[in-house]
Enquirer: 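Please find one structure pasted underneath; my questions will follow.
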2 protein chains.
Amino acid sequence: MAVPSQKHDVFQAIADPTRRQVLKLLGEQEMPVTVISGHFPMSRTAVSKHLRILADAGLVKERKVGRETRYRLDAEPLMELKRWLAYYERYWENKLNVLKRFVEADDGKSLFAGLEPVDPETKE
Amino acid sequence: MAVPSQKHDVFQAIADPTRRQVLKLLGEQEMPVTVISGHFPMSRTAVSKHLRILADAGLVKERKVGRETRYRLDAEPLMELKRWLAYYERYWENKLNVLKRFVEADDGKSLFAGLEPVDPETKE
DNA sequence: CTGTTATGAAACTAAAAGGTTTCATATCGA
DNA sequence: TCGATATGAAACCTTTTAGTTTCATAACAG
């Protein structure tokens, strides 16, 4: 119930440039497939498929209005991406990367190794 | 020169679960292909290909040490992802989403439309 | 009712992705 | 020098992906 069976995950969904553009477009405003596909050099059916993939990942929601289906952005699943990304932030935070990684990995023992191009390959 | 020709971009690179695991593994420590592939249920060659894709996206760096090649994480390209993601943060920040989007899009005119299920389909 | 519009499903295609196995090359160790 | 180790390149295979075209269905407008 929490995870709607998801054939496609967020990482996969945003891997395609077209789909990223679609997301951006739908951020502005809800719109039907025909309008969306007007922004792309491909058939409406192709865009429709992209929309299904996005919907699968939970990134867009659909709403029927008469004979048309309106699509809109749901950014919530991007939080997973954000969390994933957060893990790596420490690696680029600043010039202290090397030191920080070293300290965290080594728990403070041998504090001064690894600050030079010392290379763990000298391990024996 | 700035952009190293990149056949693969970051979005594509992290789309594959195996590659995400490789990244995580390499965050801990630099290591050669043989060691890396020991963590995966596939051939060394397959892992090697994943590494080339990651390297293509700039996410890993290689260093030759004798007969082996050591790979290590370079998280820098993930900043592009972070920037991309930042755009969407406003959509999940809090319950004021609807209001915020409306205000930003409309530049303050007609402040009270759109707060109800008003639906732009009533456009004529 | 009739024709037009909006859309998804189906069938098909070409190219890319993710693997495998085999082979060539370079470095190590003795 | 010789055999073992580490690795990338090549050729090949299978499944997915991104598109296309065609078709059926549902809702609208007269």
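Numbers restart at 1 for each chain; the letters A, B, ... are given by sequence-line order, proteins then strands.
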Enquirer: Both A/Thr45 and A/Gly66 contact DNA chain D. Taking the nearest nucleotide for each, which residue is further toward the 5' end?
Expert: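 Upstream on the strand: A/Thr45.
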Enquirer: Just by modelled atom types, is the B/Val60 backbone N or O under 3.5 Å from a matching donor or acceptor in the B/Arg72 side chain?
Expert: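 No, the answer is negative, given that no donor and acceptor are paired below the 3.5 Å cut-off.
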Enquirer: May I have the distance from A/Asp56 (atom CG) to D/dA18 (atom P), rounded to whole angstrom?
Expert: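 Going from CG in A/Asp56 over to P in D/dA18 covers 13 Å.
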Enquirer: Does A/His50 make a side-chain N or O approach to OP1 or OP2 of D/dT17 shorter than 4.0 Å?
Expert: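 The answer is no; no side-chain N or O of A/His50 sits under 4.0 Å from OP1 or OP2.
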Enquirer: Using a 4.0 Å heavy-atom cut-off across all strands, classify B/Thr69 as base, sugar-phosphate, or nothing.
Expert: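 The residue B/Thr69 makes sugar-phosphate contact but no base contact.
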Enquirer: Rounded to the nearest 0.5 Å, what separation is found between the CD atom of B/Glu30 and the OG1 atom of B/Thr69?
Expert: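 Between atom CD of B/Glu30 and atom OG1 of B/Thr69 there are 10.5 Å.
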Enquirer: Which part of the nucleic acid, if any, lies within reach of A/Ser48 when heavy atoms closer than 4.0 Å are counted: base, sugar-phosphate only, or nothing?
Expert: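 Counting heavy atoms under 4.0 Å across all strands, the contact made by A/Ser48 is with sugar-phosphate only.
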Enquirer: Before accepting this row, confirm whether a basic side-chain N of the pair B/Lys64/B/Glu62 lies closer than 4.0 Å to the acidic partner's carboxylate O.
Expert: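 Looking at B/Lys64 and B/Glu62, the cut-off is not met.
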Enquirer: Specify the angle, to 10°, made by the local axes at the two ends of the helix from C/dC1-D/dG30 to C/dA30-D/dT1 when five pairs are taken at each end.
Expert: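 About 30°, once rounded to a multiple of 10°.
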Enquirer: Any non-hydrogen side-chain atom of B/Lys82 less than 4.5 Å from a side-chain atom of A/Tyr88?
Expert: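 In short, these two side chains do not touch, never coming nearer than 4.5 Å.
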Enquirer: Send over the distance from B/Glu62 CD to D/dA6 P, rounded to a whole Å.
Expert: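 Answer to the nearest Å: 17 Å.
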Enquirer: Rounded to the nearest angstrom, tell me the gap between atom CD in A/Gln21 and atom C1' in D/dA18.
Expert: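 One finds 15 Å between C1' of D/dA18 and CD of A/Gln21, rounded.
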Enquirer: For A/Pro41 and for B/Arg44, find the nucleotide of DNA chain D with the closest heavy atom, then tell me which residue's nucleotide is more 5'.
Expert: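 Looking at DNA chain D, the more 5' nearest nucleotide goes with B/Arg44.
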Enquirer: D/dT15 P sits how many Å from B/Asp16 CG, rounded?
Expert: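 Answer to the nearest Å: 17 Å.
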Enquirer: Are B/Ile53 and B/Leu26 co-members of a hydrophobic cluster defined by side-chain heavy atoms under 4.5 Å apart?
Expert: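 Each belongs to a different hydrophobic cluster.
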Enquirer: Please test A/Trp84 against B/Leu78 for side chain to side chain contact (heavy atoms under 4.5 Å, CB included), starting from the C-alpha separation and ending with a verdict.
Expert: CA-CA 11 Å; A/Trp84 180 83; B/Leu78 291 179; 3.9 Å; yes
Enquirer: Atom NE2 of B/His8 to atom C1' of D/dT17: distance rounded to whole Å?
Expert: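 Rounded to whole Å, this separation is 14 Å.
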Enquirer: Could you give the start and end, 5' to 3', of the contact zone on DNA chain C for chain B, using atoms under 4.0 Å from its heavy atoms?
Expert: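 Using the under 4.0 Å cut-off, the span is C/dA17 to C/dC28.
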Enquirer: Checking contacts here: which listed nucleotide (D/dT20, D/dC28, D/dA6) is nearest the side-chain heavy atoms of A/Ala46?
Expert: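 Within the option list, the nearest is D/dT20.
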Enquirer: D/dT7 P sits how many Å from B/Met31 CE, rounded?
Expert: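 It is 12 Å, rounded to the nearest whole Å.
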Enquirer: Under 4.0 Å, counting only non-hydrogen atoms across every strand here, what does A/Phe40 touch: a base, just sugar-phosphate, or nothing?
Expert: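 Counting heavy atoms under 4.0 Å across all strands, no contact is made by A/Phe40.
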Enquirer: Measure the distance from NZ on A/Lys49 to P on D/dT21 and round it to the nearest whole Å.
Expert: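 Distance check: A/Lys49 NZ to D/dT21 P gives 12 Å.
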